[in-house]
Protein chains: 2
Amino acid sequence: MIEGVKQQKWWGWGEEGKAYSHHDKPKFAPFVKRIVGVDINVSKTSVPPFSSLDVPATQLTDELRTKLEGIVGATYAQTDDETRVVHAFGKGVRDLVRVRRGELGRVPDVVVYPGDEDEVVALVNAAVEDDFVLIPFGGGSNIVAATEAVPGEPRNVVVANLGRMKSLLEIDEISGMARIQAGVFGPDMEDQLQARGWTMGHQPDSFVWSTLGGWIATRSSGMQSDKYGDISDIVRGLRMVMPGQVLTLRPLPSTSSGPSVREMVLGSEGRLGIITEAWVQVHRIPEQRELQAYFFATYADGLKACEQIAASDANVILARVSDPLETQYIMANGKASGRVGKLANKAIQKLMERKGWDLDGICMSFVGFEGSANHVRYHKGLVSKIIKANNGMGVGKGPGSLYDQKKYDTPYIRDFMLDHGLVADVSETTTPWAHALEIHTNTVAAAHKALEERGVRGVVFCHLSHSYHSGACQYFTFAIADDSEDNLVSYDAVKRAIQQSFMDNHGTVSHHHGVGEEHSPWLDQDISPAGVHMQRTLFEGIDPGNNLNPGKIIHDGKPGISSNSADA
Amino acid sequence: MIEGVKQQKWWGWGEEGKAYSHHDKPKFAPFVKRIVGVDINVSKTSVPPFSSLDVPATQLTDELRTKLEGIVGATYAQTDDETRVVHAFGKGVRDLVRVRRGELGRVPDVVVYPGDEDEVVALVNAAVEDDFVLIPFGGGSNIVAATEAVPGEPRNVVVANLGRMKSLLEIDEISGMARIQAGVFGPDMEDQLQARGWTMGHQPDSFVWSTLGGWIATRSSGMQSDKYGDISDIVRGLRMVMPGQVLTLRPLPSTSSGPSVREMVLGSEGRLGIITEAWVQVHRIPEQRELQAYFFATYADGLKACEQIAASDANVILARVSDPLETQYIMANGKASGRVGKLANKAIQKLMERKGWDLDGICMSFVGFEGSANHVRYHKGLVSKIIKANNGMGVGKGPGSLYDQKKYDTPYIRDFMLDHGLVADVSETTTPWAHALEIHTNTVAAAHKALEERGVRGVVFCHLSHSYHSGACQYFTFAIADDSEDNLVSYDAVKRAIQQSFMDNHGTVSHHHGVGEEHSPWLDQDISPAGVHMQRTLFEGIDPGNNLNPGKIIHDGKPGISSNSADA
C-alpha cells in the first residue's frame, strides 16, 4: 500500500475492520429466514487467509520494470502479491466469489501510482511503444469487470492507480465550478470543497470508495441527481491523456462544436485514455436539507407519485420509493426501537389498517428538498399534494435522517451475505415512465423463473432511485441462496435474466454502473449494432494497438459474462 | 417546389413577399444613420431577377438520375435551376451576398425528397455504392456553410430535402415524449403537438424556417432553454441512416452504455448519416406564461443579475439582457407609441434620471416564467429580489408581449440591411460566468479594431441569451457599412476577429449554430487537436468514402472561411 492512497480489502468491500452486523437488528435474521430460508446465525464460508492464495507471479520484464520505475519512481511501482490482487478485480459479487476461492485470473504484473499528468503521459506513450496493457484504476468499486485484464492476456499488464492525484486545484467561485484531480475519493473531495463552502452534491452508493475519474469513466449518477444531475451534467471540462496527445476540454456551459468529445470521454472506461482532472459544477452548501418519508399502499401508487413529481413544478433533490419487499427489508434491518418509537410505529400501522392497506404491500418512500427555508417549505407543499393524490401518507423526517447516516453502508452487507451462502448483487436500468411498472413486474418474474430453473431460492427487490422528465431509474437488488461450488452459475442465470428483461421491457443495460465486460453482451440490443459500430470505430481508431483497457464495453469472441464464469 | 414542402426565397430569409420595413418605426433611420452613417431611406443594391443568374447546368449522369428516380419517384428528383440554387446555400450573410452576385459555387446537381426512411436508406447506400456526395437539408437556415458542397467537387452532388417527412408519429403521454419525423418545421411541429395539449418548448431564432433534424444535426438551442433544455437535453432517442445500417437509439431518460452514441449524432451535421426521426421531450402547455421586462443601469449589473438567477432557487424559462447598444437598437426599432405609451416612457426616463443612470448605458432585460399562477408568482418574487439587489427596475409585461410577437422576425432585417449596403450577421458563444463581462468587452473591441483596419464603419451589439449553472451564452450581432465589391473581405475580417476573441476569452466557437465550414478553422483551439482527432476518427471510420456531407466540421486544406470568400 502507498501512504495516502486508500485501498479496499482484497476480499471485499471497504476498509479492513468494518463489517455489517445484524446483532442489534433483531428482526433481520427472521426476515432472511422467511424470505430465502437461510439462517444467518450460522456462517457457511469464511474468508481464507491471504497467504493461502496461489497468486501467479508477476510477468513484468526487467526492461519494463526499469522503464516504469524511471517514470514514477521505484516506490510507486508495486509488484507485491496483495497490491496486485487488490487491483485485479472490482467489487461485483462474481469478483468476491472468485477472489475468496483463489480463482485470480490474469492478475496484473505491476501497479503504478503516477504523481502527476506528465507521468501519466509517459505511461500512456510507453504502453503504445512497448505494447503493454494499461488499465486505469480509481477506487476499484466497479461491479462490471471494468478494470479486469482479459483472461490469458499475453502482454504485460500494468494498472495505473490514480490515488496520488487527489487535489482540489481551484474553485471558480463566480461560475460555480471546481478543477479537481481525477484520483480523489468522494469523501476527500467533499472535505476539500466543503472547507471552502462548496459541494458537488454527487452521491453514488459507492461514494466512499470511488473516485472522480471513475465516475466520469463510467457515467456515474448519484442519489441526488434530480437536483445536481448525473456526472455527465456535472463535468464541464476535463483533461484526458491519449496516445501521443492530451485531450483538453476547457470548462464550458454548453457548446455546438460538432459531435460531443466530452460525451465520448464520459463512459469510455479507460479505452480512450486516462482522465487526469476535470472541471465540475459545484454549488454553495444549501441553507436547509430535509428528507421526508412517506408510505404508499402499493408500488404502483409510489411510482405514479414520483412520475407526477417529475412532471410538476416541484424541485426535489431526490424522490425514491421501495417496492414492498425492499420496504420489508429496510424495516427488518432497523435497530430495535425504544418504547416511544415502538408506540409511533404501532400508531402508523393502525392508521394503515384503518385505510384498508395490505401491510405486506406497503412501500416506503423518501423525497428530499434543499434550499432556503422558504424554498423547502414551498416545494414540500407541492410534493405533499401529489403524495396525497396518490393515497400516500407522510411519516416525517425521522426515517430520512437515519437513511442519510447509513446510505453508504449497504455494500458491506454483500460480504456478510456471502459468509452465509447468499450470493447478492445489484442491477439497475432506466425506462420511460410508461414502462416503469411493467419492467419492475417482468424483471422480478424473470429473475424468479431463473431461480426456479436453477432449483434455488432467492429474492429480488427494487426501488425507484433517480427521476427524469421522461422516466426513471429502478435499482434491483437480488440475492441467491446458493452455497454450492456452482453458485456463480446461479448468479449468471439470474443476472442474465434480469439484464435480458431490461432489454425486453424498454430499459437500458445500465443506468450508472457502466458496461465493462459484464454488460457488454447486451450492447447490441441496447444501442443497436450501428451504435456499437460507432463506439468500436472510435476505440480502434484511437487505440489501434488495443493497449488501453482492452476487452471492455466492446469485445470480440465469447461474451465476457460466461468467459469468466464458473461454467466456462 | 414540391407541394407541402416549405421553401425559402432563393435570395434571402423566409417566405416570398414578407420583408422588414422601417416605415412605421420613425426612430430607426436616425438610429442607423447615427451609428454607422448609412441612410436607410436610400437603397444601394437590389435583388437581381433569378433569370439573370448564370446557374451551372446539372452534372447529374443519366445513370444516377434513373437510379434516384427509382428510389424517390420522378416527381421527387428535381433538377430545375431555382430548386438547385435554393439548396446550394444556407442563410449566412456570405451566402446572401454571393447568391445576389450570382457567385453560385458548386450548385448541387439534383434535389431529392425522400418520403420515408426506406428511401433514405436506399439513398445513403447508393451514395456509397455509386460514390456521389449526399447532403441532408432541412430548412436551409444555417449560417455556417453547413450544407454547401465543397467547391469544385467532381462527384455528383445530391441534396436530400427531408421536408416530406414531417409527421408527429406518436405521443407517449405518460412519459412526456413524442416521436416525430426529422423533416418537420418548427411551427408545423408545434401545431401538431399543441393540438393534443403538448409543446416541445424549443424556440430557436430560426424556428419558423428550421427543422427537428436540423436542430439535432447542429446542436440547436432555443430561447427557452433555461427551462426546456438545449436540443441535446430534449432528444432522448432517434434513428439515423448510416452506410449499410440504421442506428436505432430507443427513448431513454439516461444511460451508462459507454461513450454516448446519442451525443455523437447530435452535432454531426450530416457527416455520419441522415437523421430520420427522434423521440423528444414534450411538456403539457403551461397554465401561465409571463415575460417580465426590466432595465439595468449597466450591462455588468444585468449580467450579474442573470448569474445570480442561475445560482438561485428561482426557476425561469429565460433570462436575457441586452447591452446598451442593442437596447438602443430595440428601442429604435419600436413602432411609434400612442400618447399613453409616450407618457409612460417619459415617466420611466424621469425615474432613471433621478437614479442618476446614464441613459446611453441602460440595458433592457427580459425574464420569463411558466407554470401555475402560484408558481409564477413565487418565482417572480425570487427574481424580483435579485433584480433589486443589482439596481434593476421592473417595467412590467408590455415589452415582453411585444418581444414574444416579433421574436422570429429578426432575420428579415438582414436582407433589408443588405439592400442598404450593410453586411450583417451574428456570432454567439458561451463562457463561464467569470468571463462573461470580459468576453463581451474584448469581443466588441476586437470587432472594432478589425473594422478600423478595414477602414469601414460598423456596429457590434450583444445580449445574454441562455443561462446555465456555470455560465451563459452571449449572442453578438454585427453590421458592417461596406457596399463595395470587397464587402465579404470586411465580413471575413470582423467575423474572424470575433471568433478569435471567443477563443482568446474562454469561449467556445459556437453555442448553437454549429461548425459547418465557417467555424471549422477554430475547432483545434476549441476542443484541442486531440478532440478534433477523435471526431475525425469517427467520421473517417463511418464514412471512409467521404460521401456524407464532406468538408464540414473538419476538413483538410485551406480554411473554408477564406476558400469561399471574395479574397480567395
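In what follows, chains are A, B, ... by sequence order, proteins preceding strands, each numbered from 1.
Separating the OG atom in B/S175 from the CH2 atom in A/W433 is a distance of 9.0 Å, to the nearest 0.5 Å.
Heavy-atom distances place both the backbone and the side chain of B/L247 under 4.5 Å from chain A. Contact annotation for B/M177: only side-chain heavy atoms (C-beta onward) come within less than 4.5 Å of a heavy atom of chain A. Only the backbone of B/A472 comes within contact range of chain A, with at least one heavy atom under 4.5 Å from a heavy atom of that chain. Of the atoms belonging to A/E287, not a single heavy atom falls under 4.5 Å from chain B. Interface residue B/L538: backbone and side-chain heavy atoms are both found under 4.5 Å from chain A. Neither the backbone nor the side chain of B/H519 has a heavy atom closer than 4.5 Å to any heavy atom of chain A. Heavy atoms of B/M242 lying under 4.5 Å from chain A belong exclusively to its side chain. A/T431 touches chain B through its backbone: at least one of N, CA, C or O sits under 4.5 Å from a heavy atom, while the side chain does not. Neither the backbone nor the side chain of A/V532 comes within less than 4.5 Å of any heavy atom of chain B.
Two residues are said to be in side-chain contact when any heavy atoms from C-beta on lie closer than 4.5 Å; A/R239 and A/V246 meet this criterion. Between A/I527 and A/Q535, the closest side-chain pair of non-hydrogen atoms falls below 4.5 Å. In this structure, the side chains of B/D233 and B/Q281 stay at 4.5 Å or more apart for every pair of heavy atoms. Side-chain contact check for B/I234 versus B/M200: some heavy-atom pair is nearer than 4.5 Å. Side-chain atoms of A/E540 and B/T537, non-hydrogen and from C-beta on, never get closer than 4.5 Å to each other. Residues A/I317 and A/P286 are not in side-chain contact: their nearest non-hydrogen atoms beyond the backbone lie 4.5 Å or more apart. No side-chain heavy atom of B/H375 sits less than 4.5 Å from a side-chain heavy atom of B/F369.
Ranked by heavy-atom pairs under 4.5 Å with chain B, the first of A/D526, A/I542, A/N374 is A/D526. Counting heavy-atom pairs under 4.5 Å between each of A/F539, A/Y468, A/W279 and chain B puts A/Y468 at the top. Per-residue heavy-atom pair counts under 4.5 Å with chain A were compared for B/V261, B/T255, B/V515, and the maximum is reached by B/T255. Top candidate by heavy-atom pairs under 4.5 Å with chain B, chosen from A/G507, A/S225, A/S467, A/A310, is A/G507. In terms of non-hydrogen atom pairs under 4.5 Å with chain A, the most contact-rich of B/L523, B/I553, B/L252 is B/L252. Most heavy-atom pairs under 4.5 Å with chain A: of the set B/N315, B/D313, B/T508, this distinction falls to B/D313. Interface remark: of the candidates B/A530, B/S256, B/S221, B/S256 forms the most heavy-atom pairs closer than 4.5 Å to chain A. Ranked by heavy-atom pairs under 4.5 Å with chain B, the list A/T429, A/V282, A/T218 is led by A/V282. With respect to chain B, the highest number of heavy-atom pairs below 4.5 Å among A/G237, A/A217, A/S510, A/G471 belongs to A/S510. With chain A as the partner, the residue from B/H533, B/H513, B/E370, B/E428 showing the most heavy-atom pairs under 4.5 Å is B/H533. When the candidates A/G541, A/P529, A/G514 are compared by the number of heavy-atom contacts under 4.5 Å with chain B, A/G514 comes out ahead. For the options B/S257, B/S312, B/G531, heavy-atom pairs under 4.5 Å to chain A are most numerous at B/S257.
Checked against the 6.0 Å centroid criterion, the rings of A/H512 and A/Y475 qualify as a close aromatic pair.
Using the six-membered ring where Trp is involved, B/H379 and A/H379 have ring planes that are tilted, between 30° and 60° apart.
In this structure A/E438 satisfies the side chain to side chain contact (heavy atoms under 4.5 Å, CB included) test together with A/H435, A/N442, A/N505, A/H506, sequence neighbours excluded.
Partner of B/T430 under the side-chain contact (heavy atoms from CB on, under 4.5 Å) criterion, chosen from B/S465, B/S470, B/C473: B/C473.
B/E517 has no carboxylate O lying under 4.0 Å from a charged side-chain N of B/K552, or vice versa, which leaves the two without a salt bridge.
A donor-acceptor contact closer than 3.5 angstrom is absent between the side chains of A/S372 and A/Q288. With hydrogens and angles left out, the side-chain atoms of A/Y228 and B/H469 include no donor and acceptor closer than 3.5 Å. There is a side-chain donor-acceptor pair under 3.5 Å between A/S427 and A/Q499.
Scanning residues 265-273 of chain B against chain A with a 4.5 Å non-hydrogen threshold yields B/V265, B/L266, B/G267, B/S268, B/L272, sorted by number.
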